[in-house]
Amino acid sequence: MSKPSIPKGTRDFSPNIMAKRKFILSTIENVYQTFGFMPLETPAMENLTTLTGKYGNEGDQLLFKILNSGDFLNDIDLSQYDSKKLTPYISEKGLRYDLTVPLARFVVMNQHLINFPFKRYQMQPVWRADRPQKNRYREFWQCDADVLGTSSLLCEADFIAIYHQVFSKLQINEYEIRINHRKLLEATIEKANASQYFKEITVIIDKLDKIGPDGVRNELSQLGIFDTDINTIFSLLNKKVFNQQTIQDIEKSFQNSELANQALADLNNILSLVGDKPQNVFFDGSLARGLDYYTGCIFEVVPTSIKMGSISGGGRYDNLTGMFGLNGISGVGISFGIDRLYDLMEELQLFPEQQTHFTDLLFCPLDEAGISYCMPLANDLRKQGIKTEIYPQASKIKKQLDYANQKQIKWAAIVGENELKNNQIMLKNLLVGEQALINKMDILNFINI
RNA sequence: GUAGUCAUAGCUCAGUUGGUUAGAGCAUCGGUUUGUGGUACCGAGGGUCGUGGGUUCGAGCCCCAUUGAUUACCCCA
């Protein structure tokens with residue numbers, strides 16, 4: 001028999017890890033809900049016609065494709081096709097690559113039922129056939145929230161408020177919300193006479209944090225951009241506090257740029273909604289975001305106490321549903337990277353202790369009669385919300401306490417012959433080691449979880 | 001797709017210029033203690049050294065191939 005294993009780039013989440021992950025997920029979910037977002041789940045698999053062509057050539061290659069069921073090769077003359085052209089005949093479905101395209105697909109299919117503006121959140125795994133490396137997996141979770149069907153900048157302001165609430169609840173205090181505008185990038189690159197390389201340039205300057213100014217200069221230069229134009233781009237890459245002054249400064253460096261004016265008007269509008277000194281928010285001219293469907297404001301959040309990539313990102317896209325034939329729907333959304341959030345909180349030790357306590361009280365029956373004695377007591381406690389279990393065998397008490405100890409259970413209720421006879425239990429506090437013989441009806445009075 | 005590193009017990013790892021029977025800690029199970037854990041002591045089980053070839057009197061160690069894991073680049077979250 002071969003050793004068991006799991007596919008490359010996938011992970012098991014053990015109970016202790018799950019408790020912490022759920023803490024993060026439920027915190028985010030609660031905040032989403034308080035802003036009026038509604039849950040949506042879509043299938044793990046989508047039709048390949050839905051997925052292909054949405055993520056660029058590289059993205060298409062990273063799609064996990066699912067073989068058709070049954071004897072799918074039976075009707076196919078293999079000699080007639082080369083291996084690439086064969087794909088559509090043997091695979092019609094693929095695993096979802098992100099949550100945004102399925103959202104667009106859902107909205108287009110259900111537009112007659114949807115009450116716009118449509119605010120939905122979605123927290124599900126996605127799959128990419130990428131080569132895994134540190135903090136990069138083939139299966140990972142996205143926690144998206146999007147608003148579709150309004151171009152109001154209130155949405156952007158709301159997302160900034162969502163960030164504040166989520167990080168405050170997770171006790172993450174040292175972070176930066178970086179904000180920029182796609183149209184400002186366009187204006188900048190236009191000013192540098194390099195519009196034909198817009199996509200390439202955004203990819204390069206997005207790496208500023210990673211490869212440094214010299215690295216960015218190098219790559220831009222390799223693209224064939226002149227030094228003077230590179231300087232123009234660089235003059236706008238600064239990171240500044242997000243306030244009126246900053247916006248006015250940027251305005252001065254553009255003259256009569258329609259694009260820049262639109263972008264600055266948007267930023268101004270957001271500023272007026274979040275107040276002039278929004279906490280932890282910075283304007284960052286180098287923020288670009290790789291995805292090319294963004295058209296308006298873009299965000300990214302990075303922790304500042306630890307060197308780490310972004311833990312959330314998002315932005316506005318004008319025509320997401322256009323790919324499925326529904327035009328004129330503007331949307332904006334954000335997504336939390338739960339794996340990185342997990343690593344961050346683990347490193348900063350921000351997980352509340354109770355997250356790893358699964359059981360409050362363990363009944364330890366010393367004989368078969370003890371088990372049935374404990375059953376009704378346990379159920380009463382459970383009705384009170386006390387997480388209670390009964391050790392399922394009348395094993396040695398050492399073994400039962402050992403179990404309780406490893407599971408970090410605070411209370412042990414030992415039930416042997418004597419207790420049974422007198423309607424008592426021996427209640428032991430495993431944290432301090434004290435115990436008392438009490439009436440079985442009085443348990444609730446003694447335990448304070 | 002490109003490049004590097006690694007592979008020895010369930011886990012984390014030692015293992016000398018190639019030399020007899022392969023080591024530790026943790027974990028598991030049992031006992032010291034048949035009604036008291038987390039901390040002490042004693043003991044037990046558990047390994048074709050990833051796989052296949054080669055060199056050698058002799059390979060965990062050297063060489064080749066292969067598989068897997070992992071890291072960086074590309075791209076991305």
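Naming convention: chains lettered A, B, ... in sequence-line order (proteins, then strands); numbering from 1 in each chain.
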*So, the side chain of A:R128 versus the backbone of A:Y97: is there a donor-acceptor pair under 3.5 Å, distance only?*
yes

*Check: A:R182 side chain, A:R289 main-chain N or O, donor-acceptor pair, under 3.5 Å*: yes

Categorize [X] for me: base, sugar-phosphate, or nothing, with a 4.0 angstrom heavy-atom threshold over every strand shown.
X	result
A:L62	nothing
A:Q61	nothing
A:E417	base
A:Y137	base

To the nearest angstrom, how far is [X] atom [atom1] from [N] atom [atom2]?
X	N	atom1	atom2	result
A:E139	B:rA77	CD	C1'	14 Å
A:L366	B:rG37	CG	P	13 Å
A:L362	B:rG38	CG	P	15 Å

Taking the side chain of [X] as heavy atoms from C-beta outward, which of [options] is closest to it?
X	options	answer
A:K399	B:rA77, B:rG35, B:rG30	B:rG30
A:R128	B:rA77, B:rG37, B:rC75	B:rA77
A:K396	B:rC75, B:rU36, B:rG31	B:rG31
A:Q133	B:rU36, B:rG1, B:rC74	B:rC74

_Test applied, salt bridge (charged side-chain N to carboxylate O under 4.0 Å, His left out); reference residue, A:E46; option that passes from A:R105, A:K93, A:R96_ = A:R105

*Report yes if the side chains of A:F64 and A:R138 come closer than 4.5 Å at any heavy-atom pair, otherwise no.*
yes

*asked:* Do A:H181 and A:I298 make a side-chain contact, defined as non-hydrogen atoms from C-beta onward lying under 4.5 Å apart?
replied: no

Write down the distance separating the [atom1] atoms in [N] and [M], rounded off to the nearest Å.
N	M	atom1	answer
B:rG18	B:rC64	P	16 Å
B:rC6	B:rG31	P	45 Å
B:rU71	B:rU55	C1'	32 Å
B:rG23	B:rC49	P	14 Å
B:rG46	B:rA7	P	25 Å
B:rA59	B:rC26	C1'	30 Å
B:rU33	B:rG50	C1'	44 Å
B:rU5	B:rC41	C1'	42 Å

Could you tell me whether the side chain of [X] has a donor or acceptor atom within less than 3.5 Å of a complementary atom in the base of [N]?
X	N	result
A:Q408	B:rG37	no
A:R131	B:rU70	no
A:Q435	B:rU36	yes
A:K134	B:rU71	no
A:N405	B:rG37	yes

*Report yes if at least one side-chain N or O of A:K8 is closer than 4.0 Å to OP1 or OP2 of B:rG68; otherwise report no.*
no

*Hey, is the side chain of A:K207 poking within less than 4.0 Å of OP1 or OP2 on B:rC75, counting only N and O atoms?*
yes

*For atom CD of A:Q33, decide whether the heavy atoms of other residues, nucleotides or ligands shown that lie under 6.0 angstrom number more than 12.*
yes

So what's [N] paired with, Watson-Crick or G-U wobble, going by both distances under 3.5 Å?
N	value
B:rU39	none
B:rC73	B:rG1
B:rG60	none
B:rC6	B:rG68
B:rG25	B:rC11

*In terms of ring plane angle, is the pair A:Y293 and A:Y317 parallel, tilted or perpendicular, where the classes change at 30° and 60°?*
perpendicular

